[in-house]
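In what follows, a single structure is set out as structure tokens and then discussed.
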Amino acid sequence: MGKTLAEKILGAHVGREVKPGEIVVVKTDLVYAQDGTGPLAARRVQEMGFEKVFNPSKTIFFLDHAAPSPRFELSNDHNFLRGFAEKTGCRISEVGNGISHQVVAENDVRPGDVVIGADSHTCTGGALGAFATGVGSTDAAVAMAIGKIWLRVPETLQVVVTGKLPTGVFGKDIILHLIGKIGASGATYKALEFVGDTIEHLDMAGRMTIANMAVEAGAKVGLFPSDAITRKWLNQMGRLGDFKPLASDSDALYEKTIEINAETLNPTIACPHQVDNTRTIEEIGEVRVDQVYLGTSCNGRLEDLQIAAKILKGKKVHPRTRMIVTPGSRSVYLEALKDGTMQVLIEAGAMALPAGCGACVGLHEGVLGDGEVCLATQPRNFQGRMGSPNSFIYLGSPAVAAATAIEGKIADPRKYL
Amino acid sequence: MKGRVWKFGDAISTDHIIPGRYFYLRSNLPELAKHIFEYERPGFSERVTPGDVIVAGQNFGQGSSREHAAIVIKMNGIQAVIAKSFARIFYRNCFNNGLPAVICDTERFREGDEIELFLDEGKIIHYPRSETISFVSIPPVMKRILEDGGLVEHVKKYKDLRLDF
Ligand code: SF4
């Protein structure tokens, strides 16, 4: 019987064939935490009586959420993590380096890896064909201490996307459409696996956006085959040696297959306060926007900034609207500076903030006030996430973000492309 | 142990349980715990009594991986969370911290109802209706973690994971 990607990767890490529903203890290849979950993870390692971590070079703490720190309590947390890293020899990714999921995709995640992160969007690594999944601090601490985690082998929902993506429609619209269709718990405990000719042609930026949001449907992982696009990305990152092709067997058993015709998709928006509360841009009506937020682990890549710059070139951000841009990583930031993307955005009236999570989690750098409306490219829009519980977050693609910034209300990007 | 029901609806996220804006209190758990359900149910932390139970609808605990959501529930003396379904990271986090998460149809529960939970027998006694309700049995792996007193204690005991089932 053929195997799905999830079954293949987990099986290879247990050293035998595995079946959905089984509980397995697997070796981990990479484990990381961020500055919100990291301090607890580090304390748990200590509580369990470990002085060292299992694999220091593959254990990373990211200072990305509060970067740079807006409060002394968080500065203390950062210093605690720096101290822990020094004692145990594990890696610290400093303030300004970027968001964990982006940085590990650039440097560490390999096709076929088991990646554990104390952050729900760890599933972003699925874009590279890795079994990458988010856990809490204690599970991450165990992986740090002994290099293992227990997992339930998930059933797989296969998502087949076919046809050419229309102009102005992106990976973000595919995943928002899917979540709108299956709901915020439509894939709970399951693996999502994306295939089809649309996916074969989708660049790594688009794949990462989709994988990132797999968790918004409740999924454990959002897996992509490792193919020519993966090879190209690893080559760009100077890691061609990490490439290996990987795909499900043609006779693998899926719990369900969901088909999406890309040609029928429209720019799609998730409305407050649930990611599955989706509407197409035509259905959205007049929504005035106070803040546009471009960036995050979902859409903070060079391609995302470039499409926004293409739309904003020679235009101005609406006087009623603020536009904030945070690149996903330092290298994205540098690329966007070198190719002029950043200049276009700033000239249009956007402001750029350091690489990191920025305003996404309501901590700093764009906290929403009572009654304010934000159109953001981030992966979730729960009530109060970006500040006041009386604020409203709409989610859309970077193209929608740029068009919205121009018009000061949620706008269709297709007329600018 | 008997407890009172605090009833919540569907899709309660970790941001509802403990908002992201209290990020800076995560190394000060007693202070963080006071902000539980601050917007959803103001004053929760003062009014809750040890042994009370959270009862909710679908997909409880969706969203962020912050284990602090499970921890502040436990720190407020809640003995268990009962819901129609849970988000997976939150579900793991509960058991890892010794907080049982129980899956059953929660329609009949009302705020303030007195109930009693029998984990081993897989049943809940609902006193106002004098009813016994059985729930979906807790997976063996979760039972083992719970019996060991949470995942930290489990790993302390074995210096390993003994959780293949
Ligand atoms: S950018 Fe937002 S969603 Fe992504 S890791 Fe940071 S806080 Fe989480």
Side-chain angles (χ1 to χ4, degrees), chain A residues 22-25 35-37 39-40 43-44 47-49 65-66 70-74 76-77 80 117-122 133-142 145-146 148-150 152 183-185 188-189 215-216 218-220 273-274 361-363 367 380 382-387 389, chain B residues 10-16 19-29 31 38-40 58-60 62-71 84-97 139-142 145 150-165:
Chain A
E22 247 185 276
I23 304 290
V24 291
V25 173
D35 42 357
T37 56
L40 182 59
R43 286 192 190 102
R44 294 292 203 223
E47 266 174 62
M48 289 185 290
H65 281 60
R71 297 189 63 118
F72 77 88
E73 296 92 336
L74 293 164
N76 291 344
D77 281 345
F80 170 68
D119 189 282
S120 58
H121 294 103
T122 303
T133 191
V135 295
S137 299
T138 303
D139 278 317
V142 171
I146 64 171
K148 290 181 195 171
I149 186 152
W150 74 265
R152 180 182 170 282
S185 57
T188 299
Y189 306 119
V215 67
E216 308 305 332
K220 184 178 252 171
H273 297 288
Q274 266 288 111
V361 75
L363 199 61
V367 177
R380 60 172 59 128
F382 300 135
Q383 186 168 18
R385 177 172 177 87
M386 295 182 81
Chain B
D10 290 337
I12 297 295
S13 73
T14 51
D15 274 298
H16 289 115
R21 60 182 174 278
Y22 293 118
F23 201 96
Y24 68 96
L25 288 175
R26 290 189 190 172
S27 286
N28 184 355
L29 293 174
E31 214 30 58
E38 189 172 75
Y39 184 74
E40 195 66 22
Q58 302 283 2
N59 209 19
F60 189 86
Q62 64 168 341
S64 122
S65 66
R66 67 187 75 137
E67 193 164 322
H68 310 79
I71 293 174
K84 288 184 192 165
S85 66
F86 290 93
R88 61 163 280 276
I89 303 178
F90 178 81
Y91 187 70
R92 287 180 79 114
N93 286 344
C94 285
F95 288 95
N96 285 349
N97 285 282
V141 56
M142 295 310 198
I145 295 170
L151 194 65
V152 167
E153 294 306 316
H154 175 92
V155 174
K156 262 176 147 169
K157 187 159 136 193
Y158 299 108
K159 292 286 167 208
D160 200 359
L161 286 175
R162 296 281 166 81
L163 295 167
D164 297 82
F165 283 91

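Residue numbers start from 1 in every chain, and the chains themselves are labelled A, B, ... in the order their sequence lines are given, proteins ahead of strands. As a basis for the values below, the full set of heavy atoms in this structure was taken, side chains included, without hydrogen atoms, waters or symmetry mates.
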> Of the backbone (N, CA, C, O) and the side chain (C-beta and beyond), which part of A/Thr122 lies under 4.5 Å from a heavy atom of chain B, both, or neither?
Replying inline: neither
> When rounded to the nearest 0.5 angstrom, what is the spacing between CZ in B/Arg66 and CG in A/Leu40?
Replying inline: 13.0 Å
> Which heavy atom in B/Gln62 sits nearest to a heavy atom in A/Ala184, and how many Å separate them?
Replying inline: OE1-CB, 3.8 Å
>> Just to verify, what does B/His68 make a side-chain hydrogen bond (donor to acceptor under 3.5 Å, both in side chains) with, not counting sequence neighbours?
In response: none
>> Looking at chain B, which one of A/Gly362, A/Gly36, A/Pro39 has the largest number of heavy-atom pairs inside 4.5 Å, strictly under?
In response: A/Gly36
> Of the backbone (N, CA, C, O) and the side chain (C-beta and beyond), which part of A/Phe382 lies under 4.5 Å from a heavy atom of chain B, both, or neither?
Replying inline: side chain
> With distance as the sole test, does A/Glu47 use its side chain to make a donor-acceptor pair with the main-chain N or O of B/Val152 at under 3.5 Å?
Replying inline: no
>> Taking side chain as everything from C-beta outward and backbone as N, CA, C, O, which of these in A/Thr188 sits under 4.5 Å from a heavy atom of chain B? Side chain, backbone, both or neither.
In response: side chain
> Pick from A/Gln274, A/Arg152, A/Glu216: which one has the most heavy-atom pairs with chain B under 4.5 Å?
Replying inline: A/Gln274
>> So A/Lys148 and B/Asp160, do their side chains get closer than 4.5 Å, heavy atoms only?
In response: yes
>> Tell me which of these, A/Lys220, A/His273, A/Arg385, A/His121, has more heavy-atom pairs under 4.5 Å with chain B than the rest.
In response: A/Lys220
> A/Arg43 and B/Ser27: side-chain donor and acceptor closer than 3.5 Å?
Replying inline: yes
> With a 4.5 angstrom heavy-atom cut-off, which part of A/Val142 approaches chain B: side chain, backbone, both or neither?
Replying inline: side chain
>> Just so I understand: if I count every heavy-atom pair under 4.5 Å between each of A/Thr37, A/Thr133, A/Asp139 and chain B, which residue has the most?
In response: A/Asp139
> When rounded to the nearest 0.5 angstrom, what distance separates CH2 in A/Trp150 from CG in B/Leu151?
Replying inline: 9.0 Å
>> Distance check, rounded to the nearest 0.5 Å: A/Arg44 atom CZ versus B/Asn97 atom CG?
In response: 5.0 Å
> Non-hydrogen atoms of chain A under 4.5 Å away: do they reach the side chain of B/His154, the backbone, both or neither?
Replying inline: neither
> Can you name the closest pair of heavy atoms from B/Ser64 and A/Ser120 and give their distance?
Replying inline: CA-OG, 3.8 Å
> Does one side chain, of A/Gln383 or B/Glu40, offer a donor that lies under 3.5 Å from an acceptor on the other?
Replying inline: no
> Using 4.0 Å as the upper bound for N to carboxylate O, is an ion pair formed by A/Asp77 and B/Arg26?
Replying inline: no
> Do the side chains of B/Asn96 and A/Val135 get nearer than 4.5 Å, heavy atoms only?
Replying inline: no
>> Ring-plane angle category for A/His65 and B/Phe23, please: parallel below 30°, perpendicular beyond 60°, tilted otherwise.
In response: parallel
> In terms of heavy-atom pairs under 4.5 Å, which option from B/Lys159, B/Arg162, B/Lys157 contacts chain A the most?
Replying inline: B/Lys159
> Which value, rounded to the nearest 0.5 Å, describes the distance between B/Met142 atom CE and A/Ile23 atom CD1?
Replying inline: 7.5 Å
>> I'd like to verify something: which residue of A/Met386, A/Met48, A/Glu73 has the highest number of heavy-atom pairs under 4.5 Å with chain B?
In response: A/Met48
>> Counting heavy-atom pairs closer than 4.5 Å to chain B, which one of A/Leu363, A/Asn76, A/Val24 comes out on top?
In response: A/Leu363
> Any side-chain donor-acceptor pair under 3.5 Å between B/Ser13 and A/Arg380?
Replying inline: no
>> For A/Asp35, which atoms come within 4.5 Å of any heavy atom of chain B: side chain, backbone, both, or neither?
In response: both
>> Taking salt bridge (charged side-chain N to carboxylate O under 4.0 Å, His left out) as the definition, give me every residue that meets it alongside B/Lys156, ordered by chain and number, with sequence neighbours left out.
In response: B/Glu153
>> So for B/Phe86, is it side chain, backbone, both, or neither that comes closer than 4.5 Å to the heavy atoms of chain A?
In response: both
> Taking all atoms of both residues into account, what is the closest heavy-atom pair of B/Asn93 and A/Gly136, and its distance?
Replying inline: OD1-CA, 3.2 Å
> Going by distance alone, is a donor N or O of one side chain under 3.5 Å from an acceptor N or O of the other, for B/Gln58 and A/Ser185?
Replying inline: no
